[in-house]
Amino acid sequence: STENWENGRLKGKYKEYFRDGKIRADVVFDKDGKIGKLYDKEGYYEVGRYKFGRREGPFKLYYPNGTIEEKGSFESNFRNGPFSMYHDNGKLSFKGHFNNNKKEGKGISYRRNGKKIYEGNFYSNYYSGEGKLYDESGKLEKQGKFSVGHFKEGIHYMKDGSYIKGNFLNGKPNSLCSFYGANKKLK
């Protein structure tokens, strides 16, 4: 490693290497902490400010191939505020808000192929409140209210065009449901 010290604290440019010679840190120390790039042994790296060893403020995390993995803001090492996350192929994985490192508020999650999985409200990383759930082909499957990740009330669309409208328990219709055929007529 290369380092400069002033009054018992690191100051200025700092580089550190793994035993195999690969870079581990390329940062600048200032009065507020350090800012720069940190790498792990697999080649993942992150760019941003560290205060007392924790991520603080705008940050970007990258896959070893250089494709962005996450971008957003951190407060005391927790994701907070608007955030975007990506699959290693560069396609969006999630776009929405975080609160104390958990998905909260409106957000959209995506499959590796770019098709939506879920669009709606999140609470503590779960689908919660109004939302839409999509099947693997990107076709709307469920629309309505979710609680702790479970579909509770709304419309469940079937592949044949029929649908069920009402309340659901453990993913199955309960006694308060109506069944409609593909012709949209009550069965």
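Model, not experiment: these values are computed from the prediction.
In terms of hydrophobic clustering, with Ile, Leu, Val, Met, Phe, Trp and Tyr side chains grouped at heavy-atom distances under 4.5 Å, Ile35 and Phe74 are assigned to different clusters.
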* Verdict with reasoning, Ser128 to Val148, per side chain to side chain contact (heavy atoms under 4.5 Å, CB included) -> CA-CA 6 Å; Ser128 187; Val148 195; over 6 Å; no
* To do: Decide yes or no on side chain to side chain contact (heavy atoms under 4.5 Å, CB included) for Tyr44 and Tyr63, but give the supporting numbers first.
  => CA-CA 5 Å; Tyr44 290 87; Tyr63 289 103; 3.5 Å; yes
* Going through the checks in order, is the side chain to side chain contact (heavy atoms under 4.5 Å, CB included) test met by Lys159 and Asp135? -> CA-CA 10 Å; Lys159 294 191 186 308; Asp135 67 15; 3.3 Å; yes
* Would Glu104 and His97 count as a side chain to side chain contact (heavy atoms under 4.5 Å, CB included) if you check the C-alpha gap in whole Å, the side-chain angles of each, and the deciding distance to 0.1 Å? -> CA-CA 6 Å; Glu104 292 211 353; His97 283 80; 5.8 Å; no
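Residue Phe94 forms a ring pair (Phe, Tyr, Trp, His ring centres under 6.0 Å) with just one option from Phe83, Phe122, Tyr110, and that option is Phe122. With Phe59 as reference, Tyr50 is the one residue of Tyr50, Tyr45, Phe98, Phe78 to meet the ring pair (Phe, Tyr, Trp, His ring centres under 6.0 Å) rule.
Side chain of Asn167 to main chain of Glu153: no donor-acceptor pair is present (N/O by atom type, distance under 3.5 Å, no hydrogens or angles). Glu141 contributes no side-chain N or O that, together with a main-chain N or O of Tyr157, makes up a donor-acceptor pair within less than 3.5 Å. Checked by atom type and distance alone, the side chain of Asn80 pairs as donor or acceptor with a backbone atom of Asn100 at under 3.5 Å. In terms of modelled atom types and a separation under 3.5 Å, the side chain of Asn77 and the main chain of Arg55 share a donor-acceptor contact.
Distance check, rounded to the nearest 0.5 Å: CD of Glu75 to CG of Asn101 gives 11.0 Å. Expressed to the nearest 0.5 Å, how far NZ of Lys103 lies from CG of Asn121 amounts to 13.5 Å. Rounded to the nearest 0.5 Å, atoms CD1 (Ile164) and NE2 (His156) are 6.5 Å apart. In this structure, NZ on Lys165 lies 8.0 Å from OG on Ser178, to the nearest 0.5 angstrom. The NZ atom of Lys115 sits 9.0 Å away from the NZ atom of Lys91 when rounded to the nearest 0.5 Å. The line from NZ of Lys51 to CG of Asp32 is 5.5 Å long, rounded to the nearest 0.5 Å.
Residues Lys71 and Tyr86 have side chains in contact (heavy-atom distance under 4.5 Å, counting atoms from C-beta outward). Two residues are said to be in side-chain contact when any heavy atoms from C-beta on lie closer than 4.5 Å; Ile68 and Lys60 meet this criterion. In this structure, the side chains of Phe168 and Pro173 come closer than 4.5 Å at one or more pairs of heavy atoms. With contacts defined as side-chain heavy-atom distances shorter than 4.5 Å, the pair Phe18/Lys41 qualifies. A 4.5 Å side-chain heavy-atom check between Val47 and Tyr62 finds at least one atom pair inside the cut-off. Residues Phe151 and Lys142 are in side-chain contact: their nearest non-hydrogen atoms beyond the backbone lie under 4.5 Å apart. At least one side-chain heavy atom of Arg79 sits under 4.5 Å from a side-chain heavy atom of Glu70.
Counting heavy-atom neighbours within 6.0 Å of Asn65 CG, excluding the residue itself, gives a total above 12. Counting non-hydrogen atoms of other residues, nucleotides and ligands closer than 6.0 Å to NZ of Lys152 gives a total above 12. Dense packing is recorded around CZ of Arg111, with more than 12 heavy atoms of other residues, nucleotides or ligands lying under 6.0 Å away. In this structure, Tyr180 places its OH atom where more than 12 heavy-atom neighbours from other residues, nucleotides or ligands lie under 6.0 Å away.
Note on Lys106 versus Glu119: no salt bridge recorded, every NZ/NE/NH1/NH2 to OD/OE distance being 4.0 Å or above. The residues Asp88 and Arg112 are annotated as salt-bridged, a charged nitrogen and a carboxylate oxygen being separated by less than 4.0 angstrom. A salt bridge links Asp30 to Arg49: at least one charged side-chain nitrogen sits closer than 4.0 Å to a carboxylate oxygen. Between Asp26 and Lys13 there is no salt bridge, since none of the side-chain N atoms of the basic residue sits less than 4.0 Å from a carboxylate O of the acidic one.
Scanning for side chain to side chain contact (heavy atoms under 4.5 Å, CB included) contacts around Val27 gives Tyr14, Phe29, Lys34, Leu38, with sequence neighbours left out.
Centroid-to-centroid, the aromatic rings of Phe146 and Tyr118 come within less than 6.0 Å.
Residues Glu136 and Asn113 share a closest heavy-atom pair of O-ND2, 4.1 Å.
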